[in-house]
2 protein chains.
Amino acid sequence: MAVPLYQAKAEFFRMLGHPVRIRVLELLQDGPRPVRDLLVATGVEPSSLSQQLAVLRRAGIVRATREGGTVVYELAGSDVAELLRAARRILAELLAGQEDLLAELRDAEMGSGTRSRRSA
Amino acid sequence: MAVPLYQAKAEFFRMLGHPVRIRVLELLQDGPRPVRDLLVATGVEPSSLSQQLAVLRRAGIVRATREGGTVVYELAGSDVAELLRAARRILAELLAGQEDLLAELRDAEMGSGTRSRRSA
DNA sequence: TGCCGACTTGATAACTTCTTCAAGTCGATA
DNA sequence: TATCGACTTGAAGAAGTTATCAAGTCGGCA
């Protein structure tokens, strides 16, 4: 209630801000997966993966169910796909922009001396 | 180059993960704005806002241009709107889920004893 | 019952990020 | 040129995040 909307949004994005969490969400888009599979797909340590899964669970974006010896995760209904698609589009734009910059830098160096523009 | 794609995505989301940065992006969706306006709209300290603007600039998602005494910021072309819309949709779902949980908890308490389901 | 495999949880050190305050840059104006 | 206003940058401590290792839980199965 007393949580300002902007803060909720920021927290949401922060919750997405980890490579393993992103990867898990992308994997779950194809359907439920047992932890075992996620473990293999991500290649991280079990306890580390578990911590990241806990973050996603706490946020309510995934749901875990126990099936005998294994635990299965699935998206909690949200349409994550669209979000990731939108992000991918912007990211492509940003990375393309960086390539342009690099190209520019290359060309500039051929014509004149060292002339740095951005540190990275 | 050697940056894995998942890491780039995670960094992108992390860059969005701050209330002031989100707010700035939303403001810039309506067009370019001088820092002065952003300062008023967000109500944070000038130096603090400047730091957040620097983060957005470094990511390449906004662009700054100096116009006499003032500096004007604008989106660097990306369609941020769609991303924020998608995020808003999921967020709405998640928050609605939380309300359902609360309601469930309330109802459960009326009918029976304490019966915790989730810690939060 | 006792043990094993599959996960999760807790604790902690290494890192990042954020806020704040002091100092610096850049135009415009006197 | 001196100075002011509008921003940005640097630095340092506080706060939050992550990887890792040890310990714990929960279902099978011998």
Side-chain angles (χ1 to χ4, degrees), chain A residues 3-4 6-24 27-28 32-59 62-74 116-120, chain B residues 3-4 6-24 27-28 32-74 116-120:
Chain A
V3 179
Y6 291 118
Q7 181 152 341
K9 290 183 188 173
E11 271 166 28
F12 174 72
F13 283 120
R14 211 151 1 98
M15 162 299 255
L16 296 173
H18 188 292
V20 169
R21 297 198 291 260
I22 294 281
R23 204 163 350 192
V24 166
L27 288 166
L28 294 186
R33 294 267 179 281
V35 172
R36 181 178 357 101
D37 287 9
L38 301 175
L39 223 34
V40 172
T42 61
V44 305
E45 288 231 339
S47 86
S48 196
L49 176 62
S50 212
Q51 307 250 30
Q52 304 312 327
L53 289 174
V55 172
L56 296 175
R57 247 185 297 129
R58 259 178 260 127
V62 305
R63 185 178 21 236
T65 49
R66 178 148 221 146
E67 288 184 13
T70 81
V71 176
V72 176
Y73 276 83
E74 65 187 317
S116 69
R117 257 166 163 288
R118 285 206 196 179
S119 43
Chain B
V3 179
Y6 291 118
Q7 180 151 341
K9 289 183 188 174
E11 271 167 27
F12 174 72
F13 283 120
R14 226 169 326 116
M15 162 299 257
L16 296 173
H18 188 291
V20 169
R21 297 198 291 261
I22 293 281
R23 199 151 10 179
V24 166
L27 289 165
L28 294 186
R33 293 267 179 279
V35 172
R36 182 178 356 104
D37 287 10
L38 302 175
L39 223 34
V40 172
T42 60
V44 305
E45 287 233 340
S47 85
S48 197
L49 176 62
S50 212
Q51 307 252 28
Q52 305 312 327
L53 289 174
V55 172
L56 296 176
R57 249 184 297 128
R58 261 179 259 128
I61 202 170
V62 305
R63 183 177 23 236
T65 49
R66 176 150 222 144
E67 289 185 12
T70 80
V71 176
V72 176
Y73 277 82
E74 65 187 317
S116 71
R117 260 170 161 283
R118 286 207 194 174
S119 44

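Worth knowing before you read on, the calculation uses all heavy atoms, side chains too, and leaves out hydrogens, waters and symmetry mates. The sequence lines fix the lettering, A, B, ..., with proteins before strands; numbering per chain opens at 1.
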_As a test of reading the structure: which of C:dC7, D:dT17, D:dC21 is closest to the side chain of A:Glu45, going by heavy atoms?_
D:dC21
*Check whether any side-chain N or O of B:Arg66 sits under 4.0 Å from OP1 or OP2 of D:dC7, and answer yes or no.*
no
*Distance, rounded to the nearest Å, where A:Arg58 contributes CZ and D:dT18 contributes C1'*: 12 Å
*asked:* Between B:Tyr73 and B:Val24, does the side-chain contact (heavy atoms from CB on, under 4.5 Å) criterion hold? Intermediate values first, please.
replied: CA-CA 9 Å; B:Tyr73 277 82; B:Val24 166; 6.0 Å; no
*Under 4.0 Å between a side-chain N or O of B:His18 and OP1 or OP2 of C:dT16?*
no
_Donor/acceptor link under 3.5 angstrom from B:Gln51 side chain onto base of D:dG10_ = yes
*Output yes when at least one side-chain N/O atom of B:Arg21 is less than 4.0 Å from OP1 or OP2 of C:dT17, else no.*
no
*asked:* Quick one, A:Leu27 with A:Leu38, criterion side-chain contact (heavy atoms from CB on, under 4.5 Å). Give me CA distance, side-chain angles, the key distance, then yes/no.
replied: CA-CA 8 Å; A:Leu27 288 166; A:Leu38 301 175; 3.9 Å; yes
*Does A:Leu56 offer a backbone N or O that forms a donor-acceptor pair with the side chain of A:Arg21 under 3.5 Å?*
no
*Nearest-Å distance, CD (A:Glu67) to C1' (C:dG5)?*
17 Å
*Test for a donor-acceptor pair under 3.5 Å between the base of D:dC21 and the side chain of A:Ser47, counting only N and O atoms.*
yes
*Whole Å only: how far is the CG atom of A:Leu53 from the P atom of C:dA6?*
16 Å
_Short side-chain N/O contact to D:dT8 OP1/OP2 from B:Tyr73, under 4.0 Å_ = yes
*Is the closest side-chain heavy-atom distance between A:Leu49 and A:Val20 below 4.5 Å?*
yes
*In whole angstrom, what separates A:Arg14's CZ from C:dT16's C1'?*
12 Å
*Provide, to the nearest angstrom, the distance between the CZ atom belonging to A:Arg36 and the C1' atom belonging to D:dG28.*
14 Å
_Distance, rounded to the nearest Å, where B:Glu11 contributes CD and D:dT18 contributes P_ = 13 Å
*For A:Val20 and for A:Gly69, locate the closest nucleotide of DNA chain D by heavy-atom distance; then report the residue assigned to the nucleotide nearer the 5' terminus.*
A:Val20
*Reckon A:Ser48 has a side-chain N or O less than 4.0 Å from the OP1 or OP2 of D:dT20?*
no
*asked:* Applying a 4.0 Å non-hydrogen cut-off, can you work out what A:Ser50 is touching in the nucleic acid: base, sugar-phosphate, or nothing?
replied: base
_Side-chain donor/acceptor contact of B:Gln52 with base of C:dT17 under 3.5 Å_ = no
*For the side chain of B:Arg57, counting heavy atoms from C-beta on, which of D:dC7, D:dC21, D:dT9 is nearest?*
D:dT9
*Under 3.5 Å, is there a donor-acceptor pair between the side chain of A:Arg14 and the main chain of B:Gly17?*
yes
*Once you round it to whole Å, what is the distance between P of C:dC18 and CD of A:Gln7?*
12 Å
*Protein-nucleotide distance (A:Leu39, atom CG; C:dC7, atom C1'), rounded to Å*: 9 Å
